[in-house]
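Data block below; observations after.
All figures in this text were calculated on a predicted structure; none of them were measured in a lab. Each chain gets a letter, A, B and so on, in the order its sequence line appears, and its residues count up from 1.
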Amino acid sequence: MKTAMCGELRSTDIGREVVLMGWVHRRRTHGGLIFVDFRDTSGIVQLVFNPEISPSAHQVADDARVEYVLAVTGKVEARPAGTENPQLATGDVEVLIEDAKVLNTAKTPPFYINEDGEVDEFLRLRYRYLDLRRERMHNNILLRYRTTKALCNWLDRQGFVEIDTPVLVNETPGGAREFLVPSRLHPGEFFALPQSPQQFKQLLMVAGFERYYQVARCFRDEDLRADRQPEFTQLDMEMSFVDVEQVLQLVEGMLIDTVPEVCGKRMLTIPFPRITFEDAINLYGSDKPDIRFGLLLTDISDMVAESKFQVFASAISEGGQVKGIRIPGAASYTRREIDELGQIATRNGAKGLLTMALLPDGVKSPLTKFMDSTAVDAIVARLDGKEGDLLAFVADQPGVVADGLGALRLEIGQRLGLMDQDTLAFAWVIDAPLLEWNAEEGHWQAKHHQFTAPVEEDIPLLETSPGAARAKQYDIVCNGVELGGGSIRIHRRELQERVFRVLGMSDEEARRLFGHLLEAFEYGTPPHGGIALGLDRFIMLLAGEDSIRSVIAFPKTQSATCPLTGAPSPVGDNRLRELHVKAIES
RNA sequence: GGAGGCGUGGUGUAGUGGCCUAACAUGCAGCCCUGUCAAGGCUGAGAUCGCGGGUUCGAAUCCCGUCGCUUCCGCCA
């Protein structure tokens, strides 16, 4: 029987006779003495095989190779003075082996398990069970467990109850494409996998549970990104008898209490700053601002509206704006480097990037031909430009300016090393509009989702000026990542029906799709609201990773496949017939 | 749907028209080695350069196509 964990042995264990079971992490032979770094899920300890102590155990160690599984018996001893290894948690001790047995041999792994180097991601996923043995991945998965558990414990202490909701649900229009599951018992009918447990958690509030949470698996059949997988995990929460303020306070308290419990990163600002949606777009060019650094976007529209520089003047006369950003130390950039910056702006929609280089002998810019030096100096002053800086401007419609300069700002932050990996910059983004105009389909659509309550005084705007109505909605962002979002929900049938109508939904359609919810609202539904946190993204930030794949045990590739199991795969005609489904060529 | 990056011994990289009979590190195999910890020393094996076509006297290198991984745009209430 295994009597100790490798990574937990300390000098207080000296003298103990232990049985260890684990993997050969590394092996160093000295002809006589053999050292083995021995690993289990807890960590690594050094084993010493001395042929004078046990020739048979020494023989086992001599034959063993990396990743062999061994069972060893030996005595924990202090390392001889001067041979301690401070890089190892167990570095003060070693285990002198008296008996050893091979539990299993191992082929040479396809990549290093005892090193942290880059390996082709396909290969890692093909052999994910080996990838997960590697220290970094192993620790990420353990961190994920500890974090999830800490969050659940915290919620439990606050009176939250975890309740499962179904995975086979009804199709919900609006929002992400859903995975469909054919029904054998109902020919031609399909279940959908949930994008989120939204309706069920509201129904749990109707059911009177008051404080619900769930570690909920969610599914979206959309294209993948570094922070988007087709199946992902949300920490989903909902509360009755709350308004915006209580939800923010509670979630903020949960994060402030939990982060120090599971990782050593510091939180930049406590309490978390609250940024209006409008300010986020105006100042950061993003609805998920990275507030670890400044370099805010600065509006100069008023200074150039009358200028002879047509690009600026006409952008403004067409209802647009001109904004700039300061790039410290970039005045000396080469033409090519400046072009690179321009490409970042154009890739995100801008038509171009106009620059002003603040050189020792003056301002170098195409703009100087169109504006006198007083006007130019005023612009430099507004952007707080200093000698050596490069100022970059985009002129266009507000959304385009925000996207272009927002992307540029992140690139600059990256290049200048302003994104401190050890800082978590949480912030709330509040007061987002309830609705946005869908130009393609010609109707208003919910910016968050159709169950979000409008701010009370804006309710009259629903019919008169829908775009101006603000939502009781909030997003939490961290280091430029959208961590989660939620809202106070509509809990009265009349208001919900009004919102459906503004969204262009007929009463019949609303009843067909959401009749059960509307009906539920008639049976004493309490005011309620909640939030869903992207657990994968949260743990990614805690772990300092830049992809959620690094904190998911078995993720999909970017083309949504699993190289380990081969999923997805074609199924036989018999199976399809049983499900009343026919595959068609596309 | 679109744009970019990558694909060379097991792994990570170098090589970008002839100097390549493909280099380096590491891993692997064998031998030596009793205090190492990315141990060290010596010897050796290991790659038709993702795949298919083309250009060329000659292609890892250029062109076209294709597959895979990845980043981003669209998409993701």
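In this structure, A:Arg124 reaches neither bases nor backbone, as no heavy-atom distance under 4.0 Å exists between it and the strands shown. Among the protein residues, A:Gln450 comes within range of the nucleic acid bases, having at least one heavy atom under 4.0 Å from a base atom. At a threshold of 4.0 angstrom between heavy atoms, the contacts of A:Glu52 include nucleobase atoms, whether or not backbone atoms are also involved. Residue A:Pro80 is classed as a base contact, given a heavy-atom separation below 4.0 Å to a base. Using a 4.0 Å heavy-atom distance criterion, A:Leu88 is classed as making no nucleic acid contact.
Closest contact between the side chain of A:Ala226 and the listed nucleotides B:rG12, B:rC76, B:rC72 involves B:rC72. With distances taken from any side-chain atom of A:His30 to the nucleotides B:rA39, B:rC76, B:rC69, the minimum falls on B:rA39. Proximity note for A:Asp120 (side chain, C-beta onward) versus B:rG10, B:rA38, B:rC69: the nearest is B:rC69. Across B:rG74, B:rG10, B:rU71, the shortest atom-to-atom separation from the side chain of A:Arg228 is found for B:rG74. The side chain of A:Leu33 lies closest to B:rG35 when the candidates are B:rU70, B:rG35, B:rC76. Taking only side-chain atoms of A:Thr29, from C-beta outward, the nucleotide of B:rC37, B:rC33, B:rU70 with the closest atom is B:rC33. Taking the side chain of A:Asp223 as heavy atoms from C-beta on, and the options B:rG35, B:rC75, B:rU71, the nearest nucleotide is B:rC75. Proximity note for A:Tyr112 (side chain, C-beta onward) versus B:rU70, B:rG10, B:rC76: the nearest is B:rG10.
Regarding contacts with the backbone of B:rG27, every side-chain N or O of A:Thr108 stays at 4.0 angstrom or more from both OP1 and OP2. The phosphate of B:rA38 (OP1 or OP2) has a side-chain N or O of A:Gln87 nearer than 4.0 angstrom. The shortest distance between the side-chain N/O atoms of A:Arg225 and the OP1/OP2 oxygens of B:rC73 is below 4.0 Å. Contact check, A:Arg28 against B:rA39: a side-chain N or O comes under 4.0 Å of OP1 or OP2. At least one side-chain nitrogen or oxygen of A:Arg65 sits closer than 4.0 Å to the OP1 or OP2 atom of B:rA29. For A:Gln46, no side-chain nitrogen or oxygen approaches OP1 or OP2 of B:rU36 to under 4.0 Å. Taking side-chain N and O atoms only, A:Thr561 has no distance below 4.0 Å to OP1 or OP2 of B:rG68.
Ring centroid separation for the pair A:Phe451 and A:Phe514 comes in under the 6.0 Å cut-off.
For the residue pair A:Asp63 and A:Gln59, a side-chain donor N or O sits within less than 3.5 Å of a side-chain acceptor on the partner.
Residue side chain A:Glu94 reaches the base of B:rG35 through a donor-acceptor N/O pair under 3.5 Å, judged by distance alone. Interface remark: the A:Arg79 side chain does form a donor-acceptor pair with the B:rC37 base, using a distance-only criterion of under 3.5 Å.
A donor-acceptor pair is defined here as one N or O able to donate and one able to accept, closer than 3.5 Å; no such pair exists between the side chain of A:Asn50 and the backbone of A:Leu33.
Comparing A:His449 and A:Leu96 along RNA chain B, the residue whose closest nucleotide (by nearest heavy atom) sits nearer the 5' end is A:Leu96. Between A:Pro51 and A:Arg27, the residue anchored nearer the 5' end of RNA chain B, judged by the nucleotide with its closest heavy atom, is A:Pro51.
Using a cut-off of 4.0 Å between Lys/Arg side-chain N and Asp/Glu carboxylate O, A:Glu231 and A:Arg220 are scored as not salt-bridged.
Separating the CD atom of A:Glu115 from the P atom of B:rG27 is a distance of 7 Å, rounded to the nearest angstrom. Residue A:Arg347 contributes atom CZ, which lies 9 Å from atom P of B:rC73 at whole-angstrom precision.
B:rC20 and B:rU8 are spaced 12 Å apart, taking the C1' atom of each and rounding to whole Å.
Of all nucleotides present, only B:rG50 satisfies the Watson-Crick or G-U wobble test against B:rU66, with each distance under 3.5 Å.
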